[in-house]
Amino acid sequence: MKYNSLQDSMKFLLKISVCLIATAWLWASCSSNDEGYDTLWTGYANVILLEEHKPGIQPNFQLVLDEGTIMNVISTHVYFPEDVVLEDDTRVAVSFLIYDEYYTADQKYYNISLLAMVEVLCKKPLYSSDHPADLGNDPINVERTWIGGKYLNMNFSILVEKDSEKKHYINLLVNEDHADADEENIYLELRHNAFGEKEELVSNGRVSFDISEFLSESRPSVNLHIQYTNYDGHLIMEGGLPYSNNLIQSPGSEAFAKPQDYERFY
């Protein structure tokens with residue numbers, strides 16, 4: 001999505017923000033419509049634009065969930081300001097009601113009412129051999145980590161300066177020089193650059209890293225080891241997170257409970 005200014009983007013977020021606290025998680029077992037239309041579902045998805053979105057016109061789009069289900073937006077409470085452009089493959093967190101579901105030969109579909117949609121920062125990992133600059137090594141707290149399809153998803157929090165609009169740099173670095181790195185184990189560092197900003201207020205964020213490049217025909221699965229430094233000064237290592245094709249993990253409803261400050265990160 002493209003914004004002309006921070007103020008415009010915040011207007012967009014305010015217009016579409018409905019509290020993303022789930023009463024049920026999408027991957028829980030259910031039968032078609034047994035729960036009724038009033039069951040609230042939440043999940044991560046990517047936008048499929050059915051035609052180019054032009055400013056001033058509500059976009060025509062579908063959503064594809066991490067596990068592959070395509071959602072047809074039959075009705076929506078999400079409205080776009082005239083200067084906001086929705087882009088294809090935008091990563092989003094969504095809240096919705098399911099009217100019904102159906103299948104074709106190789107595809108599952110939901111017809112939904114879209115209640116809320118908030119953009120999620122989406123990036124690819126960087127590699128230590130490329131010597132990326134300005135990654136920083138400032139502290140960051142990770143509240144939840146899970147895998148959905150080809151994405152490593154994280155909910156995190158950082159400290160920011162009051163009344164500042166400075167953006168913080170969030171990245172995932174592949175440590176190719178780690179002593180224990182091999183074909184079955186990839187060592188990752190979650191990196192944060194605060195660019196010297198004062199630590200005054202908590203700001204929450206979501207990020208999805210596209211890690212599909214970690215797999216290949218010769219490597220159908222791998223263990224991810226994630227390292228970062230938290231605000232207590234402790235070096236945290238989340239070890240042995242398995243990743244394989246089509247792996248879907250539930251983050252739990254608490255992953256959607258806190259409002260996110262998308263404009264503070266890149």
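Hydrogens, waters and symmetry mates play no part in the numbers below; they use all other heavy atoms, side chains included.
Interatomic distance, OG of Ser95 versus NE2 of His77, reported as 10.0 Å (0.5 Å rounding). The line from CG of Leu224 to CD1 of Ile211 is 5.0 Å long, rounded to the nearest 0.5 Å. Atom-to-atom distance recorded for Lys150:NZ and Glu213:CD is 10.5 Å, nearest 0.5 angstrom. Residue Leu115 holds its CG atom at 4.5 Å from CG of Leu97, rounded to the nearest 0.5 Å. For the atom pair CG (Asn185) and CG (Asn223), the distance works out to 5.0 Å, reported to the nearest 0.5 Å. Distance CG/Leu152 to CG/Leu241: 6.5 Å, rounded to 0.5 Å.
Exactly one of Val85, Val84, Asp83 qualifies for a side chain to side chain contact (heavy atoms under 4.5 Å, CB included) with Pro55. That residue is Val85.
More than 12 heavy atoms of other residues, nucleotides or ligands lie within 6.0 Å of NZ in Lys108, so this atom counts as buried by the packing criterion. Summarising the local packing, CD of Glu52 is surrounded by 12 or fewer heavy atoms from other residues, nucleotides or ligands at distances under 6.0 Å. When the shell of 6.0 Å around NZ of Lys166 is examined, it contains more than 12 heavy atoms from other residues, nucleotides or ligands.
Counting all heavy atoms, side chain and backbone alike, Tyr243 lies closest to Gly149 at CE1-O, 3.5 Å. Scanning all heavy atoms of the two residues, the minimum distance from Ala45 to Leu63 falls at CB-CB, 4.2 Å. Closest approach of Tyr169 and Leu135 over heavy atoms only: CE2-CD2, 4.1 Å. The two residues Val47 and Asp88 have their closest heavy-atom pair at O-OD1, 3.4 Å. Summarising the geometry of Pro132 relative to Leu126, their closest heavy-atom pair is CB-CD1, 4.0 Å, with the distance given to 0.1 Å.
Side chain to side chain, Asn175 and Glu189 meet the donor-acceptor criterion of an N or O pair below 3.5 Å. Counted by atom type alone, His225 and Glu238 present zero donor-acceptor pairs between their side chains at under 3.5 Å. A donor-acceptor pair shorter than 3.5 Å can be found between the side chains of Ser164 and Glu197. For the 3.5 Å distance criterion, the side chains of Asn153 and Ser208 qualify, holding a donor opposite an acceptor. Judged purely by distance below 3.5 Å, without hydrogens or angles, the side chains of Ser75 and Tyr99 pair a donor atom with an acceptor atom.
His168 is listed as a side-chain neighbour of Val160, based on a closest heavy-atom distance under 4.5 Å. When side chains are defined from C-beta on, Pro125 counts as touching Phe214, because their heavy atoms get closer than 4.5 Å. The closest side-chain heavy-atom distance from Cys122 to Phe209 is not below 4.5 Å. No side-chain heavy atom of His234 sits under 4.5 Å from any side-chain heavy atom of Thr229. Ile186 is listed as a side-chain neighbour of Arg219, based on a closest heavy-atom distance under 4.5 Å. Side-chain contact between Phe80 and Met117 is present, with at least one heavy-atom pair separated by less than 4.5 Å. Taking the side chain as every heavy atom from C-beta outward, Asn60 and Leu49 never approach each other to under 4.5 Å. By the 4.5 Å heavy-atom criterion applied to side chains, Asn155 and Asn204 are not counted as neighbours.
Under the side-chain hydrogen bond (donor to acceptor under 3.5 Å, both in side chains) criterion, Asn193 pairs with no residue, sequence neighbours left out. Judged as a side-chain hydrogen bond (donor to acceptor under 3.5 Å, both in side chains), and not counting sequence neighbours, the contacts of Gln62 are Asn72.
Counting only distance, with no hydrogens or angles, the side chain of Asn171 and the backbone of Leu173 share no donor-acceptor pair below 3.5 Å. When atom types are taken as modelled, the side chain of His53 and the backbone of Leu86 share a donor-acceptor pair closer than 3.5 angstrom. A donor-acceptor pair is defined here as one N or O able to donate and one able to accept, closer than 3.5 Å; such a pair exists between the side chain of Ser128 and the backbone of Glu176. Checked by atom type and distance alone, the side chain of Tyr231 pairs as donor or acceptor with a backbone atom of Pro139 at under 3.5 Å. Using a distance-only test at 3.5 Å, with no hydrogens or angles considered, a donor-acceptor pair links the side chain of Gln107 to the main chain of Gly68. Lys123 contributes a side-chain N or O that, together with a main-chain N or O of Ile170, makes up a donor-acceptor pair within less than 3.5 Å.
Cluster partners of Tyr187, using a side-chain heavy-atom cutoff of under 4.5 Å among ILVMFWY residues and allowing indirect links, are Met237.
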Notebook entry, point to check: Between Asn46 and Tyr151, is a side chain to side chain donor-acceptor pair (under 3.5 Å) present by the stated rule, with each step listed?
Noted result: CA-CA 11 Å; Asn46 286 59; Tyr151 293 103; 3.0 Å; yes

Note to self: For Leu190 and Met154: C-alpha separation, side-chain torsions, deciding distance, then whether side-chain contact (heavy atoms from CB on, under 4.5 Å) applies.
What the structure shows: CA-CA 10 Å; Leu190 182 64; Met154 293 182 173; 3.7 Å; yes

Next item on the list: Mind running side-chain contact (heavy atoms from CB on, under 4.5 Å) on Phe265 and Ile158 for me, showing each step along the way?
Entry: CA-CA 10 Å; Phe265 319 111; Ile158 60 173; 3.2 Å; yes

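No salt bridge links Arg191 with Asp134; every basic N to acidic carboxylate O contact stays at or beyond 4.0 Å.
The cationic group of Arg206 does not satisfy the cation-pi geometry with Phe156, failing either the under 6.0 Å distance to the six-membered ring centre or the 45° limit from the ring axis.
Side-chain heavy atoms closer than 4.5 Å link hydrophobic residues (I, L, V, M, F, W, Y) into clusters, and following such links, possibly through other members, connects Leu159 to Ile236.
Annotation: Tyr103 is not in aromatic contact with Tyr109 [ring centroid separation under 6.0 Å not met]. Aromatic pair Trp146/Tyr44: centroids less than 6.0 angstrom apart.
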